[in-house]
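Data first, discussion second: the structure below is written as structure tokens.
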Amino acid sequence: MKFQMQDCNPVKTPVNTNQKFSLEDGENKIDGHTYRSLIGSLLYLTNTRPDIMQAASLLSRFMQNPSKIHYGAARRVLRYLKGTSSYGLWYSNANNLELCGFSDSDWAGSLDDRKSTSGYVFHLGSSAICWNSKKQPSTALSSSEAEYIAVTSAACQAIWLQRILNDMKQKQEVAAAEIYYASAVDEPQHLVSLSSS
């Protein structure tokens, strides 16, 4: 109701995968207050909807000076949410408490500064417990470097999660946290296996 999208047509993806965004895209600027309110609402939803994390993180970069293109992309996320309102996280009682993570990055995805975006998600058993998507702090000179930065961030998170699990006396089925990264091939590649010592 807040954004007058209750009668919108749903879409299957939160963002158009072929669309790139820029601070200066040549379009008319819009009211920043409305855009910031919408992005804030989307960021709040990422607590239970990790599937919109990348879109919300990407669109939050333009909160200072949004254009019609940015606002249209944010409204597309609302259209996606309408079509996937039954989605969410389900935590069930599981015996398999293996910590497993997946990491990915784009290379030079930002048109403004050519920085890449990293993302990761960690599962404990069958449910996601931790996820993140953010712009990398430095500019990667190759796609391999962008992946390396992304998996390093994921490895730091995996170590932190393992320590928390150890403090909670939660025995894992295997003695390692595994992180997989996406590459140009369809199969995820096993990159890192961290011992839980």
Side-chain angles (χ1 to χ4, degrees), residues 1-28 30 34-63 66-91 100-123 126-136 140 143 146-147 149-151 153-154 179-189:
M1 294 257 201
K2 184 175 182 180
F3 301 104
Q4 287 81 40
M5 295 289 291
Q6 59 270 19
D7 296 324
C8 66
N9 294 326
V11 293
K12 294 186 179 188
T13 59
V15 280
N16 183 348
T17 55
N18 296 322
Q19 188 174 14
K20 297 285 185 178
F21 300 101
S22 176
L23 288 171
E24 296 302 324
D25 53 19
E27 288 292 320
N28 293 333
I30 62 152
T34 304
Y35 185 78
R36 285 189 291 276
S37 177
L38 175 52
I39 297 302
S41 298
L42 293 176
L43 289 170
Y44 179 77
L45 275 176
T46 62
N47 289 314
T48 57
R49 294 291 303 263
D51 53 333
I52 65 166
M53 183 73 216
Q54 193 274 340
S57 175
L58 173 67
L59 294 171
S60 70
R61 298 176 192 170
F62 309 104
M63 290 189 356
S67 72
K68 286 184 176 181
I69 290 177
H70 304 135
Y71 187 61
R75 288 172 56 97
R76 179 187 171 95
V77 178
L78 292 177
R79 292 174 58 203
Y80 169 76
L81 289 170
K82 176 158 187 185
T84 59
S85 60
S86 63
Y87 288 15
L89 296 175
W90 177 259
Y91 295 101
C100 182
F102 296 90
S103 171
D104 196 11
S105 71
D106 67 355
W107 178 47
S110 173
L111 296 177
D112 298 310
D113 56 11
R114 307 297 295 163
K115 289 185 179 177
S116 305
T117 301
S118 296
Y120 60 76
V121 61
F122 282 93
H123 295 259
S126 63
S127 301
I129 60 165
C130 178
W131 53 89
N132 188 13
S133 175
K134 80 186 230 185
K135 190 189 282 190
Q136 293 180 352
S143 60
E147 291 288 351
I149 293 169
V151 83
S153 173
I179 302 173
Y180 297 86
Y181 73 98
S183 65
V185 296
D186 292 334
E187 295 293 319
Q189 303 295 310

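Numbers here are sequence positions counted from 1. All figures in this text were calculated on a predicted structure; none of them were measured in a lab. Worth knowing before you read on, the calculation uses all heavy atoms, side chains too, and leaves out hydrogens, waters and symmetry mates.
- When every heavy atom of L42 is checked against every heavy atom of I52, the shortest pair comes out as O-CD1, 3.7 Å.
- Shown here are the side chain to side chain contact (heavy atoms under 4.5 Å, CB included) partners of I30, two or more places apart in sequence or in another chain: Y35, P66, K68, Y71.
- With sequence neighbours excluded, no residue satisfies side chain to side chain donor-acceptor pair (under 3.5 Å) with Q54.
- For E24, the CD atom counts as loosely surrounded, since its 6.0 Å shell holds 12 or fewer non-hydrogen atoms of other residues, nucleotides or ligands.
- Counting only distance, with no hydrogens or angles, the side chain of K82 and the backbone of Q6 share a donor-acceptor pair below 3.5 Å.
- In this structure, the separation between CG on L59 and CZ on R75 is 13.5 Å, given to the nearest 0.5 Å.
- Side-chain N or O atoms of S103 include none that pairs as donor or acceptor with a backbone N or O of Y120 at under 3.5 Å.
- In this structure T13 satisfies the side chain to side chain donor-acceptor pair (under 3.5 Å) test together with R76, sequence neighbours excluded.
- Taking the side chain to side chain donor-acceptor pair (under 3.5 Å) definition, one finds that D113 meets it with S110, K135, sequence neighbours left out.
- Taken from CG in N132 to CZ in F122, the straight-line distance is 10.0 Å, to the nearest 0.5 Å.
- Summarising the geometry, atom CD belonging to E27 is positioned 4.0 Å from atom CD1 belonging to I69; distances are rounded to the nearest 0.5 Å.
- Proximity of a side-chain donor or acceptor of W107 to a complementary backbone N or O of A146 within less than 3.5 Å is not detected.
- The minimum heavy-atom distance between L89 and W131, with the atom names listed, is CD1-CH2, 3.3 Å.
- Counting only distance, with no hydrogens or angles, the side chain of Y91 and the backbone of A128 share a donor-acceptor pair below 3.5 Å.
- A distance-only check finds a donor-acceptor pair linking the side chain of S116 to the backbone of A108 [under 3.5 Å].
- Checking side-chain atoms of D106 against main-chain N and O of T117 turns up a donor-acceptor pair under 3.5 Å.
- In this structure, H123 and F102 have perpendicular ring planes: the angle between them is above 60°, well past the 30° mark.
- To the nearest 0.5 Å, atoms CG (L58) and NZ (K20) are separated by 9.0 Å.
- Partners of S37 according to the side chain to side chain donor-acceptor pair (under 3.5 Å) rule, which considers only residues two or more places apart in sequence or in another chain, are K2.
- S57 contributes a side-chain N or O that, together with a main-chain N or O of S133, makes up a donor-acceptor pair within less than 3.5 Å.
- Between the side chain of T84 and the main chain of Y80, a donor-acceptor pair closer than 3.5 Å is present.
- Contact of the L38 side chain with the L78 side chain is registered, since non-hydrogen atoms from C-beta on lie closer than 4.5 Å.
- Residues I39 and A56 approach most closely at CG2-O, 4.4 Å, considering heavy atoms.
- Within the structure, the salt bridge (Lys or Arg N to Asp or Glu O under 4.0 Å) test picks out the following pairs touching residues 34-61 (sequence neighbours left out): R49-D51.
- Residues F62 and L23 approach most closely at CD2-CD2, 3.5 Å, considering heavy atoms.
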